[in-house]
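Working notes, beginning with the structure itself.
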Amino acid sequence: MQYLFVASGSLTLFIIALILGRRNKSLPNRILVVWLIVFVANLISLFVLYEATLPFSLGQHLILEFSEVSIFAHGPLLWLYTKSLTEEGFCLKWKYVYHFIPFGIGYFLFLIQIFSNTEMASITRNTITILKMSSLLAYLILVLVNLKEHRTHVAHIFSNVEHKNLGWISFLSWGILIIWFIAGSGLLLDRFTAIVIPQYGGGIAHFAICLFIFLMGYFGLNQPSVFIASQYPDSHSNTRPKREMAKVHSLKYKNSGLDTKGSKQIQAALLELMKTAKPYLEKELTLYNLAEKLKVQPNHLSQVINSLEGKNFFDFINMYRVEAAKEKIRLGDYQNLTLLGIAFESGFNSKASFNRAFKKFTCQTPTEYKKDTN
């Protein structure tokens, strides 16, 4: 197990080095580095726990108790990291320090018992355990809700959502949730029942943490964008939803200033543009690009697509792309192209997004459709 801790710690340090080696270190990157450093401290404490002999030295006590309360920091750090990626113009403010007060109080209590050379009361330690596990669960729920809202916003703005819906953060969150369940179950069984779990209820969770870090490394090495938050370089980037677009998703579009006649005019112009200019063939087409072509406000265009076409922007554009792909499959002129080639020619930017959209609008895979056509 000790070798696993060393390997996981080395991998985490390697990931940190990759991030710090970038020329432009964005705020999300800096938050991520802090979060990973906390993971390194956790791994050091696990190594100490398995290798050290009693009594622990002062330094060993400090790192062990830091790790004990670090769960109070993991939740806020993941939450802040998610907010920094999904909120336009996000910046750290003093008010966010309040989220780390439980961590500070918990560590202070442990420091008192370390320097006073006394043993913390069992009820106090158990209370801290319950509070820290509850805190992590609460932040995980906040992150998952934030990501769900973000995916909704993205679908109203982008025609291709690859690398924009932050699905990898969902992976991180669900991974931590699994570790939370394993660790919580182990701790509860060990401390409140007669069942003995290795390493005071943490042995299984320790292994899960190492596995989780290895998976983080896998995602990082195979998908570099996972750890390159500069994909959202500034407020003018076409990859982050604009703050004002939060208003776009209101079902009633209160006070939009667009009446029924205006909506019909925009719809007619939109359908004509889609038929003649075929903007859906542009792989990175956004709501803003299309609104500029039509010379209308983005929120008005979104209102028309949502209300009159009954779709969000993502589905509206991809419906046209699927129809274009179906036509190319049927035409003999495109028989020399693979299905992936047809997907690219139709405006899709990946095989996965093509297959998902095709199955959604035709209830068939592209391969099945091609066989039926032939």
Side-chain angles (χ1 to χ4, degrees), residues 85 150-171 218-233 236-241 245 270-294 298 301-302 305 309 311-374:
L85 286 175
H150 175 74
R151 284 192 291 270
T152 300
H153 296 337
V154 163
H156 282 276
I157 300 171
F158 301 105
S159 60
N160 276 313
V161 297
E162 298 291 328
H163 307 303
K164 298 181 180 72
N165 59 11
L166 303 180
W168 58 274
I169 296 187
S170 291
F171 158 77
Y218 172 81
F219 270 70
L221 294 176
N222 288 276
Q223 301 181 45
S225 61
V226 166
F227 296 109
I228 300 174
S230 58
Q231 61 182 305
Y232 306 124
H236 301 293
S237 169
N238 68 344
T239 58
R240 184 191 290 209
M245 287 310 298
L270 170 63
L271 297 180
E272 180 64 22
L273 181 71
M274 298 297 287
K275 180 179 179 181
T276 56
K278 301 180 179 180
Y280 52 84
L281 297 179
E282 301 175 19
K283 290 182 175 60
E284 298 302 326
L285 181 68
T286 68
L287 179 71
Y288 298 100
N289 301 147
L290 192 57
E292 186 176 355
K293 295 177 188 295
L294 290 168
L301 177 58
S302 182
I305 293 174
E309 294 297 322
K311 299 177 178 64
N312 58 39
F313 179 77
F314 175 78
D315 285 340
F316 177 74
I317 296 300
N318 281 290
M319 178 187 67
Y320 276 89
R321 288 172 174 167
V322 168
E323 290 301 318
K326 288 167 60 178
E327 182 179 2
K328 289 177 173 60
I329 292 173
R330 290 195 302 267
L331 293 177
D333 295 343
Y334 290 89
Q335 291 302 314
N336 61 323
L337 287 178
T338 64
L339 286 174
L340 182 59
I342 289 176
F344 290 150
E345 287 288 323
S346 303
F348 292 98
N349 64 356
S350 73
K351 181 179 180 180
S353 60
F354 172 54
N355 287 338
R356 282 195 299 269
F358 204 97
K359 185 69 177 288
K360 179 175 184 177
F361 291 109
T362 67
C363 296
Q364 288 182 299
T365 65
T367 302
E368 291 170 344
Y369 181 83
K370 186 176 183 178
K371 287 181 180 179
D372 288 349
T373 302
N374 293 335

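Small disclaimer: the values here were computed from a predicted structure and weren't measured.
Between F313 and T286 the shortest heavy-atom distance is CZ-C, 3.3 Å. Closest of all the heavy-atom pairs between N355 and P366 is OD1-CG, 3.3 Å. Scanning both residues, A324 and S346, for their nearest heavy atoms gives C-OG, 3.9 Å. Here the closest non-hydrogen pair linking S350 and F344 is N-CE2, 3.9 Å.
Partner N160 forms a side chain to side chain contact (heavy atoms under 4.5 Å, CB included) with one of N349, L285, I317 and no other, that one being N349. The one candidate from E282, R321, E284 that meets the side chain to side chain donor-acceptor pair (under 3.5 Å) condition with S159 is R321. With F358 as reference, I329 is the one residue of T365, L339, I329, T367 to meet the side chain to side chain contact (heavy atoms under 4.5 Å, CB included) rule.
Taking CG of L301 as the reference point, atom CG of L270 lies at 6.0 Å (rounded to 0.5 Å). Atom CG of L290 is separated from atom CD1 of I157 by 13.5 Å, given to the nearest 0.5 angstrom. A distance of 11.0 Å separates NZ of K360 from CE of M319, quoted to the nearest 0.5 Å. With rounding to the nearest 0.5 Å, the separation of CD1 in I305 from NZ in K311 is 10.5 Å.
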Practice item. Might you work through the side chain to side chain contact (heavy atoms under 4.5 Å, CB included) test for D315 and F361, ending with a clear yes or no? Key: CA-CA 9 Å; D315 285 340; F361 291 109; 4.1 Å; yes

**Study point:** Intermediate values then yes/no, side chain to side chain contact (heavy atoms under 4.5 Å, CB included), K278 and L281
**Key:** CA-CA 6 Å; K278 301 180 179 180; L281 297 179; 4.0 Å; yes

Exercise for review: Take H156 and F314 through the test side chain to side chain contact (heavy atoms under 4.5 Å, CB included) and record every step on the way to the result.
Suggested key: CA-CA 6 Å; H156 282 276; F314 175 78; over 6 Å; no

Exercise for review: Would you please test N312 and F316 for side chain to side chain contact (heavy atoms under 4.5 Å, CB included) and show each step?
Suggested key: CA-CA 6 Å; N312 58 39; F316 177 74; over 6 Å; no

Check your understanding: Stepwise, does the salt bridge (charged side-chain N to carboxylate O under 4.0 Å, His left out) test hold for E323 with K326?
Key -> CA-CA 5 Å; E323 290 301 318; K326 288 167 60 178; 3.3 Å; yes

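Counting only N and O atoms by type, the side chains of Q364 and D372 include a donor and acceptor under 3.5 Å apart.
In this structure the side chain of L337 never reaches within 4.5 angstrom of the side chain of K328, judged on heavy atoms. Side-chain contact between F348 and N318 is present, with at least one heavy-atom pair separated by less than 4.5 Å. In this structure, the side chains of L271 and K275 stay at 4.5 Å or more apart for every pair of heavy atoms. Between V322 and T362 the shortest side-chain heavy-atom distance falls below 4.5 Å.
Looking only at distances, no side-chain donor or acceptor of S302 sits under 3.5 Å from a matching main-chain atom of P298.
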